[in-house]
Amino acid sequence: MNDIVIIGAGIIGCSIARELSKYQLDITVIEKNLDVAEGTSKANSGIVHAGFTEKKNTLKGSLVAKSNKMFDILSDELEFSMVRNGALVLAYDDNDVRKIEQLKKNGEELGITGLSILDTEAVKRKQGNITKGVKAALYAETSAIVNPYDMTIAMAESAALNGVNFKFGANVVNIEKNGDIHTIYLENGEDIKSRFVINAAGLFGAEINNMMNEEKYNIRGVKGEYCLFDKIAGAAVKNTLFRVPEEKGKGVLVTPTTDGNLIVGPNSQKEQSVSTTREGIDEIIEKASKVIDELPVKRVITSFSGVRAKTESGDFIIEALKDNEQFINVIGIDSPGLTCAPAIAEYVSDMISKNLIMIKKHNFISKRHKMVRFAELSVEDKNKLIKDNPEYGRIVCKCELVTEGEIIDAIHRVPGAVTLDGVKRRTRAMMGGCQGMGCMLPICKIMSRELNVDISEINKNSAYSPAVGFREV
Ligand SMILES: Cc1cc2nc3c(=O)[nH]c(=O)nc-3n(C[C@H](O)[C@H](O)[C@H](O)COP(=O)(O)OP(=O)(O)OC[C@H]3O[C@@H](n4cnc5c(N)ncnc54)[C@H](O)[C@@H]3O)c2cc1C
């Protein structure tokens with residue numbers, strides 16, 4: 001019997017799990033996919049926003065500045081990479097200048113520090129290749145970049161290290177409450193019992209709410225497409241660059257990633273599929289070309305998209321049900337949800353503490369160690385590692401210099417990788433110029449051996465996505 005079940009292993013579910021793992025509680029995270037960060041948390045801009053576009057008197061506005069500040073300690077404790085690279089919102093005419101002044105004022109009223117207005121010369125000093133005609137910019141020094149799935153994996157590993165149980169391939173199809181206890185029914189026929197349920201099901205948050213709540217919700221999917229450029233293009237920008245925000249959102253940005261690539265996007269389309277389209281890619285390339293000169297379009301290595309979970313109010317929904325304080329919705333977490341995740345986790349923990357005795361663990365382990373990245377080591381450290389463990393001497397992904405030792409580690413961590421995408425996100429194998437053409441098969445063979453399954457059972461991501469050949473359902 002669980003004290004708390006969290007539905008959804010995205011950044012929100014995993015951050016809440018990690019926060020609650022500080023207490024003496026039995027917690028299970030239930031995820032319908034085979035890994036963490038398989039929903040929106042794997043496909044977004046990865047910006048820790050300063051938060052100056054958020055409205056006062058909203059949950060987003062009240063959480064964003066506080067949460068942004070939490071990233072220094074968290075990235076240090078959990079060893080996920082974060083770079084405080086600062087953001088520029090570029091103004092090209094008087095109207096734009098008025099807008100960035102308003103954004104600065106709004107940000108300061110939200111408690112955001114480090115906001116300043118820069119003139120043309122100061123902007124050019126920060127970023128020499130900004131397009132001609134820039135008049136001024138709002139500079140936000142607290143804006144940062146993270147790798148969103150790396151952060152989600154780090155949160156999940158820390159939660160697991162502190163006793164949280166993860167159940168994958170577990171699609172919730174119904175929930176009932178009898179007395180003090182919820183029964184959560186899974187598609188595979190199993191059921192799980194828990195006193196508290198936290199709905200962190202992202203785009204499917206309304207479906208989970210509607211299983212329990214008289215008040216029905218509707219969450220709209222709004223897709224955003226991206227282009228990812230190789231690491232040579234990554235040097236094109238240092239800061240995260242925006243034009244002034246559009247009606248539909250923050251607009252197309254140009255930013256480096258923590259891994260050294262360049263990313264541009266997202267656009268905004270009312271649909272839930274994660275396919276990318278020629279028109280969408282043309283739109284973001286055109287908009288990004290208005291931000292920097294000579295966008296290196298020939299260096300695009302892949303495109304992808306993520307889907308925002310939009311509520312009617314435009315704000316996050318974080319609430320207990322009116323007639324059931326043991327069921328908590330944490331849904332409609334669109335941007336800046338990645339930024340707000342640490343503060344949301346504390347907020348939810350405070351809500352639960354009003355109805356559940358929560359005793360702090362004396363043995364909570366705050367530190368989580370990241371995986372060894374062979375490519376980042378000095379020659380001396382590489383040699384020592386290979387001497388201790390020869391598996392680190394066998395390069396499997398030549399583009400990103402990923403070794404067999406790292407792939408084995410990714411598989412055996414908790415929660416570990418059981419799909420090709422899981423290995424990819426943990427190690428960067430298959431993320432280089434050839435996008436896995438050279439190393440996919442050797443990785444499948446290693447996974448087959450380490451997981452003790454036939455190679456035909458290795459999936460790319462979902463439960464039926466055979467990586468090699470074809471298999472009967
Ligand atoms: C284009 C785009 C750009 C963005 N950029 C930024 C940014 O730069 N900075 C920022 O702060 N935020 C950004 N965001 C927002 C951020 O990505 C989200 O707020 C965050 O990822 C939401 O996390 P989540 O855990 O709520 O959802 P998800 O990551 O989608 O997780 C929900 C999980 O629930 C699981 N689930 C669903 N239904 C069930 C079920 N029935 N049973 C079991 N499991 C289930 C899903 O499989 C999924 O894994 C962006 C979003 C998008 C789409």
Side-chain angles (χ1 to χ4, degrees), residues 5-17 29-51 53-54 60 63-64 67-68 71 87 143-149 151-152 155-156 166-175 184-188 192 198-211 219 221-226 240 242 249-253 255 257 263 265-269 272 274 284 304-310 316-318 329-345 461-462:
V5 155
I6 300 166
I7 303 171
I11 189 61
I12 299 301
C14 293
S15 300
I16 295 171
V29 177
I30 303 182
E31 168 56 52
K32 68 178 175 183
N33 282 302
L34 300 179
D35 200 355
V36 305
E38 276 289 350
T40 303
S41 301
K42 73 171 179 228
N44 56 61
S45 310
I47 311 298
V48 181
H49 288 292
T53 56
E54 304 312 329
K60 291 180 180 181
L63 293 172
V64 73
S67 207
N68 177 302
F71 274 75
S143 184
I145 47 176
V146 290
N147 176 325
Y149 46 82
M151 176 177 163
T152 310
M155 287 284 189
F166 281 78
K167 194 167 172 57
F168 293 105
N171 185 23
V172 174
V173 288
N174 200 12
I175 309 171
I184 299 137
Y185 296 95
L186 305 181
E187 195 178 8
N188 64 7
I192 296 170
I198 299 172
N199 170 13
L203 278 169
F204 303 90
E207 281 178 22
I208 301 288
N209 168 76
N210 298 350
M211 292 172 191
I219 287 179
V222 179
K223 181 171 86 170
E225 289 161 288
Y226 291 93
T240 298
F242 300 87
K250 298 179 187 75
V252 167
L253 58 81
T255 189
T257 70
I263 191 173
N267 57 1
S268 181
Q269 295 179 349
Q272 198 142 331
V274 287
I284 55 175
F304 64 92
S305 67
V307 186
R308 306 163 181 92
K310 291 267 175 208
F316 302 152
I317 297 174
I318 308 178
N329 279 321
V330 192
I331 60 176
I333 311 295
D334 63 339
S335 187
L338 177 72
T339 310
C340 290
I344 289 175
N461 41 40
S462 65

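Computed from a prediction, not measured in an experiment: that's the story for all the values here. Read the numbers this way: they start at 1 and go in the same order the structure lists the ligands and their atoms.
If you look at C14 next to ligand 1, there are no close heavy atoms at all, none under 4.0 Å. Of all the heavy atoms of H49, the ones lying under 4.0 Å from any atom of ligand 1 belong exclusively to the side chain. In V307, the part holding a heavy atom less than 4.0 Å from any atom of ligand 1 is the backbone. At a heavy-atom distance under 4.0 Å, no atom of A341 approaches ligand 1.
Those atoms of ligand 1 that come under 4.0 Å of a heavy atom in G306, given as number and element, are 53 (C). Close contacts of ligand 1 with N33, meaning ligand atoms under 4.0 Å from a residue heavy atom, involve 47 (O). In the vicinity of A170, heavy-atom distances shorter than 4.0 Å reach the ligand 1 atoms 42 (N), 43 (C). Listed by number with element, the atoms of ligand 1 under 4.0 Å from a non-hydrogen atom of I47 are 7 (C), 8 (O), 9 (N), 10 (C), 11 (O). Taking a cut-off of under 4.0 Å to the non-hydrogen atoms of G8, the atoms of ligand 1 that pass are 33 (C), 34 (O), 35 (C). For ligand 1, the atoms closer than 4.0 angstrom to any heavy atom of S45 are 3 (C), 4 (C), 5 (N), 8 (O). Near N171, the atoms of ligand 1 lying under 4.0 angstrom from a non-hydrogen atom of the residue are 40 (C), 41 (N), 42 (N). Within ligand 1, the atoms closer than 4.0 Å to a non-hydrogen atom of P336 are 10 (C), 11 (O), 12 (N), numbered from 1 in the order shown.
Summary of contacts: the protein heavy atom closest to atom 16 (C) of ligand 1 is L338 N, 3.8 Å. The protein non-hydrogen atom at the shortest distance from atom 31 (O) of ligand 1 is G10 CA, 3.5 Å. When hydrogens are left out, the protein atom nearest atom 13 (C) of ligand 1 is S335 OG, 3.5 Å; that is the closest non-hydrogen contact. Counting only heavy atoms of the protein, atom 27 (O) of ligand 1 lies nearest to G202 CA, 3.6 Å. Here the heavy atom of the protein found nearest to atom 21 (O) of ligand 1 is S41 OG, 3.0 Å. At the shortest separation from atom 44 (N) of ligand 1 among protein heavy atoms lies K32 N, 3.1 Å. Looking only at protein heavy atoms, the nearest one to atom 17 (O) of ligand 1 is N44 ND2, 2.9 Å. Protein heavy atom closest to atom 47 (O) of ligand 1, with residue, atom name and distance, is E31 OE2, 2.6 Å.
Using a 4.5 Å cut-off on side-chain heavy atoms (C-beta onward), K250 and S45 make no contact. Side chains of T257 and I145 form no contact here, defined as non-hydrogen atoms less than 4.5 Å apart. Side-chain contact between L34 and N461 is absent, with no heavy-atom pair separated by less than 4.5 Å. The closest side-chain heavy-atom distance from P342 to S67 is below 4.5 Å. When side chains are defined from C-beta on, I192 does not count as touching Y185, because their heavy atoms never get closer than 4.5 Å.
Around atom 2 (C) of ligand 1, the closest heavy atom drawn from Y226, F204, Y149 belongs to Y226. Distances from atom 28 (P) of ligand 1 to the heavy atoms of T40, V173, N68, I145 show the closest one on T40.
For the pair I333 and ligand 1, the shortest N or O to N or O distance falls below 3.5 Å. Between P266 and ligand 1, a contact under 3.5 Å exists for no N or O pair. The shortest N or O to N or O distance between I208 and ligand 1 is not below 3.5 Å. In terms of polar-atom proximity, defined here as any N/O pair under 3.5 Å, C340 makes no such contact with ligand 1. Considering backbone and side-chain atoms together, E38 places no N or O closer than 3.5 Å to any N or O of ligand 1. Geometrically, ligand 1 and I7 share no nitrogen or oxygen pair separated by less than 3.5 Å.
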**Request:** Applying side chain to side chain donor-acceptor pair (under 3.5 Å), run through N33 and E38 and close with a yes or a no.
**Result:** CA-CA 7 Å; N33 282 302; E38 276 289 350; 5.2 Å; no
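Judged by distance alone, with hydrogens and angles left aside, the side-chain atoms of T339 form a donor-acceptor pair with the main-chain N or O of H49 at under 3.5 Å. A donor-acceptor distance shorter than 3.5 angstrom exists from the side chain of N210 to the backbone of A206, with no hydrogens or angles considered. R308 places a side-chain N or O within 3.5 Å of a backbone atom of V222 that can act as its donor or acceptor partner. Side chain of N147 to backbone of Y149: a donor-acceptor contact under 3.5 angstrom is found. For K223 (side chain) and N267 (main-chain N/O), no donor-acceptor pair under 3.5 Å exists by modelled atom type. T152 contributes no side-chain N or O that, together with a main-chain N or O of A37, makes up a donor-acceptor pair within less than 3.5 Å. Side-chain atoms of S15 do not come within 3.5 Å of backbone N or O of A345 as any donor-acceptor pair. Checked by atom type and distance alone, the side chain of N199 pairs as donor or acceptor with a backbone atom of A201 at under 3.5 Å.
Rounding to the nearest 0.5 Å gives a distance of 7.0 Å between CG of N329 and CD1 of I317. Atom CD1 of I184 and atom CD1 of I7 lie 5.5 Å apart (nearest 0.5 Å).
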